[in-house]
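Model, not experiment: these values are computed from the prediction. Each chain gets a letter, A, B and so on, in the order the sequences are listed, and its residues count up from 1.
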Protein chains: 2
Amino acid sequence: MRILYTDGSAAPNPGPGGYAVIENGKPIALGGEPMTTNIRMEGIALGKALRLLNGEEAKIYTDSDFWRQVLMQWAPNWQINGWKKKKGDIKNLDIVKPLYELYCQSNAEIIWLKGHAGHEYNELADSWANKAREGQRIENING
Amino acid sequence: MRILYTDGSAAPNPGPGGYAVIENGKPIALGGEPMTTNIRMEGIALGKALRLLNGEEAKIYTDSDFWRQVLMQWAPNWQINGWKKKKGDIKNLDIVKPLYELYCQSNAEIIWLKGHAGHEYNELADSWANKAREGQRIENING
RNA sequence: AGACACCGGCUACG
DNA sequence: CGTAGCCGGTGTCT
């Protein structure tokens, strides 16, 4: 049973963003984008984690209750209703759809934990996501 | 020319509710009900304001576009058609009818302003409506 | 089927 | 204080 921690950030929000996937206290995936949102980076981190797992049994810890609810509650309904919700449009569908598909094929459990509440590995993921974002900012500045 | 601000709220909705009428930065009417809706409380606030004006020339600011449209567009038609609309019943008729009558006899102009957009006196009305609702909740708990 | 407004709740990011 | 996202409700209109 593998245990992964994911986190994403954007500063300012929206703005340059980064994400990290942590396993055994070390980053196994890092990345960033020059212009994104906190929500998108958290989702991309989860997608990266699911891809790395490739079907293996696992627990993934995230501080994004939003994405946990997308995968476990809302997406099933959205799919049935043709990817529509009652009010307005579903945002970030380009991430939602493939992520939900990955989740359905996975043996992973998505577990929410409160951010900045002293969870060691979550803080670590946060820290690495920030580093990845800073790297992104530098790339951005350099061109 | 008197300038009044009204607001109403319910938390949860439906649930205990409160309303406030503000003039010169101070509440001139407050009230609450143990079980109501946000729409009803906004309407009751307007009714209270019109009664307090007693025909004096005034502007009344509300963030309920719904009630502004009731008074300025829909109610005239509803009255002509015997207080019926094409589909379904008119809700909250117990508030709509006397409110429309008060409005017709008044010299007040109803003006909509966007809620939670930094309008100082509207925020004040919101704040007092919440206090009135909390008082209502306490009364509710006590008895 | 669309549109509008308001009320309430939750999480994260900054 | 702001941003990004979601859920539920009351109500009307075309």
Side-chain angles (χ1 to χ4, degrees), chain A residues 6-19 35-46 61-75 77-78 81-82 84-93 95-96 110 112-117 122 125-126 129-130 133 137, chain B residues 6-19 35-46 62-75 77-78 85-93 95-96 110 112-118 122-123 125-126 129-130 133 137:
Chain A
T6 67
D7 197 25
S9 75
N13 181 32
Y19 71 86
M35 184 60 181
T36 184
T37 68
N38 65 319
I39 296 248
R40 290 182 67 85
M41 293 317 278
E42 304 254 27
I44 285 170
L46 279 171
Y61 291 87
T62 173
D63 61 23
S64 174
D65 197 45
F66 168 71
W67 281 109
R68 188 189 60 78
Q69 296 202 76
V70 165
L71 295 178
M72 298 180 68
Q73 300 179 226
W74 303 330
N77 255 307
W78 292 342
N81 299 328
K84 285 176 186 165
K85 66 185 175 73
K86 291 175 184 173
K87 277 175 174 174
D89 301 319
I90 298 167
K91 303 294 177 59
N92 300 317
L93 258 185
I95 295 176
V96 170
I110 311 290
W112 172 78
L113 42 74
K114 188 168 180 59
H116 307 288
N122 177 58
D126 180 71
N130 288 340
R133 186 191 65 226
R137 198 190 297 274
Chain B
T6 68
D7 197 26
S9 74
N13 182 29
Y19 71 86
M35 185 59 182
T36 184
T37 68
N38 65 320
I39 295 253
R40 291 182 66 82
M41 293 318 277
E42 304 251 26
I44 286 171
L46 280 171
T62 175
D63 59 24
S64 173
D65 198 48
F66 169 69
W67 282 110
R68 188 188 61 76
Q69 296 202 75
V70 165
L71 295 178
M72 298 181 66
Q73 300 180 17
W74 305 330
N77 265 312
W78 291 343
K85 63 186 177 80
K86 291 173 184 172
K87 204 175 184 183
D89 302 319
I90 298 168
K91 304 290 178 62
N92 300 316
L93 255 187
I95 294 176
V96 170
I110 310 291
W112 172 79
L113 43 75
K114 190 167 179 60
H116 306 289
N122 177 58
E123 305 282 5
D126 180 71
N130 287 341
R133 185 191 67 227
R137 197 189 298 275

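Under the 4.5 Å side-chain criterion, counting only non-hydrogen atoms from C-beta, A/W67 is in contact with A/V96.
Going from atom CE of A/M72 over to atom C1' of C/C10 covers 16 Å, rounded to whole Å. If you measure from atom CD1 of A/I44 to atom P of C/C13, you get 16 Å, rounded to the nearest angstrom. Spacing between atom CG of A/L71 and atom P of C/A12 amounts to 17 Å, rounded to whole angstrom units. Taking atom NZ of residue A/K84 and atom P of nucleotide D/dC6, one finds them 16 Å apart after rounding to whole Å. The distance between atom CD of A/E42 and atom P of C/G14, rounded to the nearest whole Å, is 9 Å. Between the NZ atom of B/K114 and the C1' atom of C/C4 there is a distance of 10 Å, rounded to whole Å. Straight-line distance from the CH2 atom of A/W67 to the P atom of D/dC7: 13 Å, rounded to whole Å. Nucleotide C/C6 holds its P atom 11 Å from the CG atom of B/D7, rounded to whole Å.
Atoms CG and CH2, on B/N122 and B/W112 in that order, are 10.5 Å from each other to the nearest 0.5 Å. Between atom CG of residue A/D7 and atom CG of residue A/L113 there is a gap of 9.5 Å, rounded to the nearest 0.5 Å.
Contact annotation: A/N77 side-chain N/O to D/dC7 OP1/OP2 distance is not under 4.0 Å. Residue A/S9 places at least one side-chain N or O under 4.0 Å from the OP1 or OP2 atom of C/G14. Between A/H116 and C/A12 there is no side-chain N or O to OP1 or OP2 distance below 4.0 Å.
A search for side-chain contact (heavy atoms from CB on, under 4.5 Å) contacts involving B/T37 returns B/N13, B/P14, B/I39, B/R40, not counting sequence neighbours. Scanning for side-chain contact (heavy atoms from CB on, under 4.5 Å) contacts around A/N130 gives A/S9, A/D126, A/R133, with sequence neighbours left out.
Note on B/G15: nothing from the nucleic acid sits closer than 4.0 angstrom, heavy atoms only.
With distances taken from any side-chain atom of A/R133 to the nucleotides C/G14, C/C13, C/C6, the minimum falls on C/G14.
Counting heavy atoms of neighbouring residues, nucleotides and ligands inside a 6.0 Å radius, atom NZ of A/K84 does not exceed 12 of them.
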Collect all protein-nucleotide pairs involving nucleotides 9-13 of chain D in which both atoms are nitrogen or oxygen and the distance is under 3.5 Å.
unit_1	atom_1	unit_2	atom_2	d
D/dG9	O6	A/K87	NZ	2.3
D/dG9	N2	B/N13	ND2	3.4
D/dG9	N2	B/N38	ND2	3.1
D/dG9	N3	B/N13	ND2	3.4
D/dG11	OP1	B/N92	OD1	3.0
D/dG11	OP1	B/N92	ND2	2.5
D/dG11	O5'	B/N92	ND2	3.3
D/dT12	OP1	B/K91	N	3.2
D/dC13	OP1	B/W78	NE1	3.4

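Judged by distance alone, the side chains of B/Q69 and B/D65 do bring a donor and an acceptor atom under 3.5 Å apart.
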